[in-house]
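Order of the sequence lines fixes the chain letters, A, B, ..., with proteins taken first and strands second; residue numbering starts at 1 for each chain.
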Number of protein chains: 2
Amino acid sequence: MGSIDRKNKIKEIRKNDIIDAAQEVIFSKGYNQASMDEISKQAEFSKRTVYSYFSSKEEIYFEIMVRGYNLLNEQIQNIFNEIPQKTALEKIKQMGLVIYKFSTQYPNYFEAIMSYENKEEDFDIQLSNSSRDNCYNLGEILFSYLKTTLEEGVKEGLIRDDIDVVNTSVYIWSSTIGLFDVLIKKKKYLKNYHSRDTDTLLKNGLDMIIYSIKKR
Amino acid sequence: MGSIDRKNKIKEIRKNDIIDAAQEVIFSKGYNQASMDEISKQAEFSKRTVYSYFSSKEEIYFEIMVRGYNLLNEQIQNIFNEIPQKTALEKIKQMGLVIYKFSTQYPNYFEAIMSYENKEEDFDIQLSNSSRDNCYNLGEILFSYLKTTLEEGVKEGLIRDDIDVVNTSVYIWSSTIGLFDVLIKKKKYLKNYHSRDTDTLLKNGLDMIIYSIKKR
DNA sequence: ACACAAAGTAAACTTAGAGTTTACTTTACT
DNA sequence: AGTAAAGTAAACTCTAAGTTTACTTTGTGT
């Protein structure tokens with residue numbers, strides 16, 4: 001291994017250490033409350049050094065989001081590797097449930113993902129094209145699972161054959177995101193004003209979505 | 001009219017003028033880029049005076065959101081006042097279309113509404129209970145239209161009678177919000193990566209939602 | 001083994017904007 | 001005309017992101 005490779009490797013490790021530290025601080029006090037001074041201190045680097053690895057606080061948060069996305073994609077992938085294989089409809093419902101489980105198990109990662117999912121396409125930070133593509137690809141993995149499963153379901157005869165799989169994937173993805181967002185953020189409101197708990201509403205919502213694509 | 005009443009009236013007018021000015025600045029440069037110095041200048045008051053009417057920038061933005069909500073509610077209300085009356089299913093689809101039209105016609109108000117809809121229940125600013133209730137009430141108006149219309153549809157025999165109207169209202173509301181959010185924010189991405197335009201995806205999404213509640 | 005480049009450091013600095021204080025002036029009611 | 005309420009300009013505090021400076025440490029090539 002050449003010395004340049006070794007250096008790059010060390011750089012990657014340090015970058016990771018900084019993300020670790022930032023994650024600890026940001027997850028414990030929230031993005032806005034976490035200062036770069038504190039993140040640097042936690043990372044045991046000077047602020048200047050942190051800024052030599054990342055150009056802004058937002059860029060670091062973006063990396064945290066990528067970690068979250070990878071973790072989520074892994075869990076989704078498991079559904080498709082399971083034996084015995086489930087039907088397309090079961091898999092789609094399972095995806096919803098896995099995302100929900102993820103959101104309760106890793107609320108901070110989920111928040112990071114959501115804050116980017118809910119962001120304008122024109123990111124505040126000017127992402128390099130490769131970062132942007134990389135970010136899109138993370139979402140594309142989920143999207144393509146959805147698309148493939150829908151196609152599979154149509155073939156099986158369980159899913160309506162009058163749907164367009166791309167349109168329907170967008171519909172399922174966006175309405176599921178909306179459902180989670182509202183259920184998580186308005187949890188107390190829904191309990192106090194409409195006496196419904198998150199679990200009931202989530203299961204009902206996913207059932208409605210499934211019902212809308214099911215063949216009869 | 002007593003002098004106290006007159007004073008309160010003047011105060012209300014000034015408050016409104018300040019909201020007008022803030023709206024102009026915020027809508028033209030965005031919330032973060034709009035400074036309180038500039039808002040005060042636009043309002044032709046000193047910054048100190050602005051702060052005697054509102055306790056923070058966020059509180060002013062909150063008032064802008066309330067304006068937007070009232071405008072939206074008005075347009076929704078029109079659907080229900082129309083003659084001849086439509087079926088429940090048509091009304092629900094119409095609500096979706098009206099919200100979409102609103103989002104294109106008043107994108108800045110829509111953004112203000114969305115930024116509060118997407119906010120944690122625990123607002124950053126400590127809203128007084130009356131402001132918080134007031135804010136909830138705005139959403140409640142829409143919610144109750146939805147609920148009432150669903151009940152009506154069940155009676156008419158057009159909507160599934162095995163649904164719970166509250167659960168279903170939450171599902172419709174949250175998935176519609178999610179749909180708009182994704183379609184507006186990821187417009188370019190959906191066009192470039194999946195060659196689908198907003199209108200098609202919106203109409204398809206609303207149809208799927210309608211399909212999920214329709215009796216057959 | 002040592003020169004020198006790369007990487008790191010602490011601490012002071014810049015910048016920007018929200019919100020506050022001060023010391024003063026204008027307005028309008030009684 | 002006197003007084004209280006409402007307004008003003010401008011300087012100030014505070015916080016936090018990001019930068020600069022002047023210096024030190026580390027590690028690699030010859």
Rounded interatomic separation in angstrom, taking [atom1] from [X] and [atom2] from [N]:
X	N	atom1	atom2	answer
I10(A)	dA7(C)	CD1	P	10 Å
Y51(B)	dG17(C)	OH	P	12 Å
K57(B)	dA16(C)	NZ	P	14 Å
F54(B)	dA18(C)	CZ	C1'	16 Å
I60(A)	dA17(D)	CD1	C1'	11 Å
Y61(A)	dA17(D)	OH	P	15 Å

Could you tell me which residues satisfy ring pair (Phe, Tyr, Trp, His ring centres under 6.0 Å) with F110(B), sequence neighbours excluded, listed by chain and number? none
For F27(B), ring pair (Phe, Tyr, Trp, His ring centres under 6.0 Å) partners two or more places apart: Y109(B)
Residues in side chain to side chain contact (heavy atoms under 4.5 Å, CB included) contact with K101(B), at least two apart in sequence or another chain: Q105(B)
For Q77(A), give me all partners under side chain to side chain contact (heavy atoms under 4.5 Å, CB included), at least two apart in sequence or on another chain. N81(A), Y145(A)
Please list, for nucleotides 20-25 of chain D, all pairs of protein and nucleotide N/O atoms separated by less than 3.5 Å.
none

Ignoring backbone atoms, test whether R14(A) places a side-chain nitrogen or oxygen under 4.0 Å from the OP1 or OP2 oxygen of dA7(C). no
Angle by which the axis turns from one end of the helix from dA1(C)-dT30(D) to dT30(C)-dA1(D) to the other, five pairs per end, to 10 degrees: 0°
Kindly list each side-chain donor-acceptor pair under 3.5 angstrom involving residues 36-46 of chain B, sequence neighbours excluded, with atom names and distances?
{"unit_1": "E38(B)", "atom_1": "OE1", "unit_2": "K29(B)", "atom_2": "NZ", "d": "3.0"}
{"unit_1": "S40(B)", "atom_1": "OG", "unit_2": "M36(B)", "atom_2": "O", "d": "2.4"}
{"unit_1": "Q42(B)", "atom_1": "NE2", "unit_2": "E24(B)", "atom_2": "OE2", "d": "3.1"}
{"unit_1": "S46(B)", "atom_1": "OG", "unit_2": "T49(B)", "atom_2": "N", "d": "3.3"}
{"unit_1": "S46(B)", "atom_1": "OG", "unit_2": "T49(B)", "atom_2": "OG1", "d": "3.0"}

For Y31(A) and for V50(B), locate the closest nucleotide of DNA chain D by heavy-atom distance; then report the residue assigned to the nucleotide nearer the 5' terminus. V50(B)
Assess whether a salt bridge exists between D20(A) and K15(A), defined as any Lys/Arg side-chain N lying under 4.0 Å from an Asp/Glu carboxylate O. no
Please collect all salt bridge (Lys or Arg N to Asp or Glu O under 4.0 Å) contacts where either partner lies in residues 137-151 of chain A, sequence neighbours excluded, each pair once. none
Qualifying residues under salt bridge (charged side-chain N to carboxylate O under 4.0 Å, His left out), relative to [X], sequence neighbours excluded:
X	answer
K203(A)	D199(A)
K93(B)	D207(B)
D197(A)	none

I need the residues from residues 34-47 of chain B with at least one non-hydrogen atom less than 4.0 Å from DNA chain D; give them sorted by number, or say none. E44(B), F45(B), S46(B)
Parallel, tilted or perpendicular: which describes the rings of Y31(A) and Y61(A), with under 30° parallel and over 60° perpendicular? tilted
Within the structure shown, what part of the strands sits under 4.0 Å from Y53(A) by heavy-atom distance: base, sugar-phosphate, or nothing? sugar-phosphate
